[in-house]
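Below you'll find the structure, written out as structure tokens, and then a few comments.
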Amino acid sequence: MAPIRTTCAYCGVGCGIVAEVSGGDDRGVVIAGDRSHPANGGRLCSKGTHLGETVGLEGRLLHPVVDGARTDWDGALDAVAHRMRKAIDEHGPESVAFYVSGQLLTEDYYAANKLMKGFIGTGNIDTNSRLCMASAVAAYNRAFGEDVVPCSYEDLDAADLIVLVGSNTAWCHPVVWQRIEKTRERRGTKIVVIDPRRTETAEQADLHIPVAPDGDVALFNALLARMMALGMHDHAFLNGRVEVDPDFWTGLDCDPGIAPKLFEQLCTLVVAHPRMITLFSQGSNQSVAGTDKGNAIINLHLATGRINRIGAGPFSITGQPNAMGGREVGGLASTLACHLGFSEDERRDVAAFWKAPQLCSGPGLKAVDMFRAVHEGKIKFLWVMATNPAVSMPDSGFVREALARCETLVVSDVIAGTDTARHADILLPAEAWGEKDGTVTNSERRVSRQRRLFASPGEARADWRIIAGVAARMGWEAAFDWPNAASVFREYAAMTRLSAARGLCLDLTAHADLSDEAYETMQPFQWGGERPLAWRFPRPSGKARMVTVRPSAQSFDRAFPLRLNTARYRDQWHTMTRTGLSATLSQHRPEPLLEVHPADAAKDGLHDGGLARIVTRQGSAVFRVMVSEGQRRGEICVPMHWADAMSGEGRANLLPGQQVDPVSGQPGFKNNAARAMPLTPDWQAFLVLREAIEPHGLLYWTRSKVAAGWLYELAGEGSVDLDALLPEGERLEVADFARGMRRIAVRGEDGVLLAAAFLTRKGRLPQRAWVAGQLGLDEASACELLAARPSTPQPDRGPIVCVCHGVGANDITAAAESGADTVAAIGSCTRAGTNCGSCRPAIAKLLEACSNTTREPAE
Ligand SMILES: Nc1nc2c(c(=O)[nH]1)N[C@H]1C(S)=C(S)[C@@H](COP(=O)(O)OP(=O)(O)OC[C@H]3O[C@@H](n4cnc5c(=O)[nH]c(N)nc54)[C@H](O)[C@@H]3O)O[C@H]1N2
Ligand SMILES: Nc1nc2c(c(=O)[nH]1)N[C@H]1C(S)=C(S)[C@@H](COP(=O)(O)OP(=O)(O)OC[C@H]3O[C@@H](n4cnc5c(=O)[nH]c(N)nc54)[C@H](O)[C@@H]3O)O[C@H]1N2
Ligand code: SF4
Ligand SMILES: [Mo]
């Protein structure tokens, strides 16, 4: 088949992909970067590169289910419409809510927003972007009068200073990171990372500022005060194009909250480099001061005129593939549609455009408040689309109670067994990436097509079509009567004449008459152009606003002396419903790790490789300990990814509270009071199995995908019935009572390995990789299986660093010791880092560690 151009399923970089489908029913596909796409110029990171591994049908939701029984679409859509109608009739429209996602396409988002705000008649549609971009949105709105990102990726190519605030770019936006590195090679661009943790991004920076959690407002205010004192402000820009809050300058100068030497280094860099971009992400947004952080960053750029110029600007980078598209159409409860608010005149125009019978009167509930209203029984009907709030919302124990109490919970997903789907009354199978057709908008406002590669499996349908089907059954067929995705897109594009007419930047009217063919062949385009705010700011005065922001005091709770941070892993995506199915991606970090400073570990009795329980006021969770100098003292960090489907108590969101930013409503995921305690299990074990199981009653368990099955890590107290976890078959076993060790292998009739289990009470467990690789094979002898290693021993590769070529840390160290002293040289010896490049920062870090150890004796 001819190659198909599409856009990556994952992050907001929005990389173009060329997909070659092998044809047939096996959904085989070869993925490559699209050289002609302006977002990536052919590059892809590890997640994009391995997309082909996550398009299988394992775990897919393929048929509608109502009250536990499979049904057809008619039955399911009738049930949704009927239950929604009942809630509205008995309790009013406010008893209905949608919770949607930046992983919907713009067409889906548009349909959901229109149905809720125009027809059901309440503002109660919010999105997981509330957990993600809401603070940046609020900050841009306050400063510019519209949610507009004033930069483009091309500005990164032209910047002399790039300041990353709360962004682990090398892991979370790897292709943008590679672009930044190219700029550094070409122009000597300086990179500053402001992050409490020494991430792989920070390791590569010219200057890392380990700011205290939520110390960003103080730091940026102090920096701006210094710039003013040095006369570095742009007088003409400030006078001509900016309004400054009356009390702005009083109290701006404050303690920057970091070591004086670091502050001086930062000031020197900022003074010297007017072509400065500040790229900010969740360390800025996910905070109770998230909006203020955004404005503190924007203030610096406005005062110094470092905006609307090549290589300069405050650049919020988006998380999900269509976080930006959702913001455009009005997926947030706090906007109406197309960047419009809820004034009488905006409402009148929107009602007229939609021919809406009952347009909502004002904003709806934001995510955290929405789930509170569900918990209180005020919301009777909740429809969740393309998000997994039972895992990703803060205080997820409370959220699960809410989901369980909700009279009707509808879940549209592509996976059947997500933690949220387990609570659903009605399950609706949606088309996944590679099946759906539509548009997404990336961080730089660039709209690209996602295109269908495969036929939809089972009865999966496009999300917008599911929504339209329900709307029709509610009696609103005419308004949702779209024949295809192109017609939804045209309607949305036409609607942006309402924003354009008000002088806003959001204007897609040029695409309102696109033919179906033109939609099919649509090339990526950027709304607002490269510099959307160049001539005027869309506030009534036409000027931008510098908003007064002040650092807030931190509380300290003696019972919970640690600050808990939550973050992402390079090769996992959110709640792991898709990346968790890739054996390649699962090698990088197979377990959820608690990162803790050595001094805190010693104080709390935690050991590297041991287990720890983290407790907060909300709940508790269990993680594998990783002692790390990259953590500040008094702070710990865990990954956000593990769901109940993948672990025992490894779910990070058991821990954070419901506190939110007062302006944006975004939760403060990255700064919660916690304490840590060691867990000392009686035994530890690992299992490799062909089929997934769900263990119960253990202290700890996690699973990760391996080529032909699953690898389980288990730990518990007392005795354990290992046999109950293993399948039937020919059983080989040895028990070594002296070391409290049991080794079991189970083979099928054809001699292939079905399962193996290794348990110890005090000793060390063998290496996992080799025996996991024997699953489904009949090549190894009984002795080898029980020893968990081949008779000709293989070198221990150590933790896998390069997942594309399966190169471990030990391979890289060995190459370094034999003289390879650059990332490129390591690449030529081991191939590590030569495919997608996502691991190059990790290789650089290993090289640095090697050169430090070889240098030490001389010092
Ligand atoms: N591999 C991978 N990539 C992804 C995703 C994924 O799940 N996996 N998800 C995508 C999505 S939706 C998003 S939103 C983005 C998120 O991308 P990022 O924002 O880069 O990701 P996080 O790891 O959540 O947080 C970034 C950093 O903020 C730091 N931080 C914590 N508190 C503070 C603070 O007070 N101040 C400062 N300055 N920094 C702080 C953390 O230590 C962390 O290193 O990633 C996108 N890309
Ligand atoms: N502690 C902590 N919590 C966090 C964060 C953090 O940093 N720390 N980050 C927050 C952020 S920034 C984000 S963006 C959220 C992400 O959190 P979620 O949105 O909950 O995470 P995902 O796992 O991406 O969930 C997407 C769901 O949609 C399904 N899906 C995929 N494609 C489609 C589709 O086309 N249609 C439908 N109907 N379903 C589909 C997937 O199978 C999956 O179940 O997590 C937030 N939660
Ligand atoms: S950086 Fe990686 S995850 Fe993000 S869009 Fe590009 S390939 Fe996909
Ligand atoms: Mo996000």
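Just follow the structure's listing: the first ligand is 1, and inside any ligand the first atom is 1. All residue numbers in this chain count up from 1 along the given sequence. Quick caveat: nothing in here was measured; it's all calculated off a predicted structure.
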Could you tell me whether the side chain of [Y] reaches within less than 4.5 Å of the side chain of [X], counting heavy atoms only?
X: Val414; Y: Trp433; answer: no
X: Lys670; Y: Ser287; answer: no
X: Val638; Y: Leu593; answer: no
X: Arg197; Y: Glu595; answer: yes
X: Leu105; Y: Gln450; answer: yes

Which atoms from ligand 3 have a heavy atom of [X] less than 4.0 Å away?
X: Gly14; value: 5 (S)
X: Pro174; value: 1 (S)
X: Tyr10; value: 3 (S)
X: Lys47; value: 3 (S)

I need the atoms of ligand 2 closer than 4.0 Å to a non-hydrogen atom of [X], numbered in the order shown.
X: Gln320; answer: 14 (S)
X: Trp573; answer: 24 (O)
X: Lys436; answer: 34 (C), 35 (O)
X: Leu131; answer: 10 (C), 11 (C), 12 (S), 46 (C)
X: Gln103; answer: 19 (O), 22 (P), 24 (O), 26 (C)
X: Ala430; answer: 36 (N), 37 (C), 38 (N)
X: Gln282; answer: 12 (S)

Does ligand 3 have any atom sitting under 4.0 Å from a heavy atom of Leu44?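 A heavy atom of Leu44 does come that close to ligand 3.
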Could you check [atom] against the protein and tell me its nearest heavy-atom contact, residue, atom and distance included?
atom: atom 36 (N) of ligand 2; value: Asp463 OD2, 2.8 Å
atom: atom 19 (O) of ligand 2; value: Asn128 ND2, 2.7 Å
atom: atom 8 (Fe) of ligand 3; value: Cys8 SG, 2.3 Å
atom: atom 6 (Fe) of ligand 3; value: Cys15 SG, 2.3 Å
atom: atom 11 (C) of ligand 2; value: Arg568 NH2, 3.3 Å
atom: atom 3 (N) of ligand 2; value: Asn653 ND2, 3.0 Å
atom: atom 4 (Fe) of ligand 3; value: Cys11 SG, 2.3 Å
atom: atom 33 (C) of ligand 2; value: Val414 CG1, 3.6 Å
atom: atom 16 (C) of ligand 2; value: His574 ND1, 3.4 Å
atom: atom 28 (O) of ligand 2; value: Ala386 C, 3.0 Å
atom: atom 32 (N) of ligand 1; value: Lys670 CB, 3.7 Å
atom: atom 10 (C) of ligand 2; value: Gln286 NE2, 3.4 Å

Would Ser287 count as a contact residue for ligand 1, given that I'm defining contact as a non-hydrogen atom of the residue lying under 4.0 Å from a ligand atom?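 The answer is no: ligand 1 sits nowhere under 4.0 Å from a heavy atom of Ser287.
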Can you check whether [X] has an N/O within less than 3.5 Å of an N/O in ligand 1?
X: Gln572; result: yes
X: Asp216; result: yes
X: Thr566; result: no

4.0 Å heavy-atom contact, Met133 with ligand 2: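 The answer is no: ligand 2 sits nowhere under 4.0 Å from a heavy atom of Met133.
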Whether Ile415 lies under 4.0 Å from ligand 2, heavy atom: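 Yes, Ile415 has heavy atoms under 4.0 Å from ligand 2.
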Under a 4.0 angstrom heavy-atom cut-off, which atoms of ligand 1 come close to Cys132?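 Near Cys132, the atoms of ligand 1 are 14 (S).
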[X] bridged to [Y] by N-O distance under 4.0 Å:
X: Glu200; Y: Lys845; answer: no
X: Arg465; Y: Asp108; answer: no
X: Arg60; Y: Glu435; answer: yes
X: Lys366; Y: Asp126; answer: no
X: Asp214; Y: Lys293; answer: yes

Among side-chain atoms of [X] and [Y], is any donor-acceptor pair under 3.5 angstrom?
X: Ser412; Y: Trp383; value: yes
X: Tyr109; Y: Thr127; value: yes
X: Gln618; Y: Asn653; value: no
X: Ser396; Y: Arg651; value: yes
X: Thr420; Y: Thr418; value: no
X: Thr575; Y: Asn388; value: yes
X: Arg578; Y: Gln103; value: yes

Would you kindly specify which portion of [X] sits under 4.0 Å from ligand 1, judged on non-hydrogen atoms: side chain, backbone, both or neither?
X: Tyr10; result: neither
X: Ala567; result: both
X: Asp214; result: both
X: Glu595; result: neither
X: Met640; result: neither

Under 2.8 Å from atom 2 (Fe) of ligand 3, is there any N, O or S atom belonging to Cys45?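 Yes.
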List the atom of Gln320, the atom of Ser129, and the distance in Å for their closest heavy-atom pair.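 So the two residues come closest at NE2-OG, 4.1 Å.
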If you take the nearest heavy atom of each of [options], which one is closest to [atom]?
atom: atom 26 (C) of ligand 1; options: Gly166, Pro639, Ala202, Pro196; answer: Gly166
atom: atom 18 (P) of ligand 2; options: Thr387, Val638, Thr579, Thr418; answer: Thr387
atom: atom 42 (O) of ligand 2; options: Asp413, Leu105, Asp419; answer: Asp413
atom: atom 43 (C) of ligand 2; options: Leu655, Leu104, Thr577; answer: Thr577

Report yes if some N/O of Glu431 lies less than 3.5 Å from some N/O of ligand 2; otherwise report no.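 Looking only at distances, the answer is yes, because the N/O contact criterion of under 3.5 Å is met.
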Look at the side chain of Ser620 and the backbone N and O of Val615, then say whether any donor-acceptor pair between them is shorter than 3.5 Å.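 No; zero donor-acceptor contacts below 3.5 Å.
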Would you please indicate yes or no on a ring centroid separation below 6.0 angstrom for Trp73 and His63?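 Not under 6.0 Å, so no.
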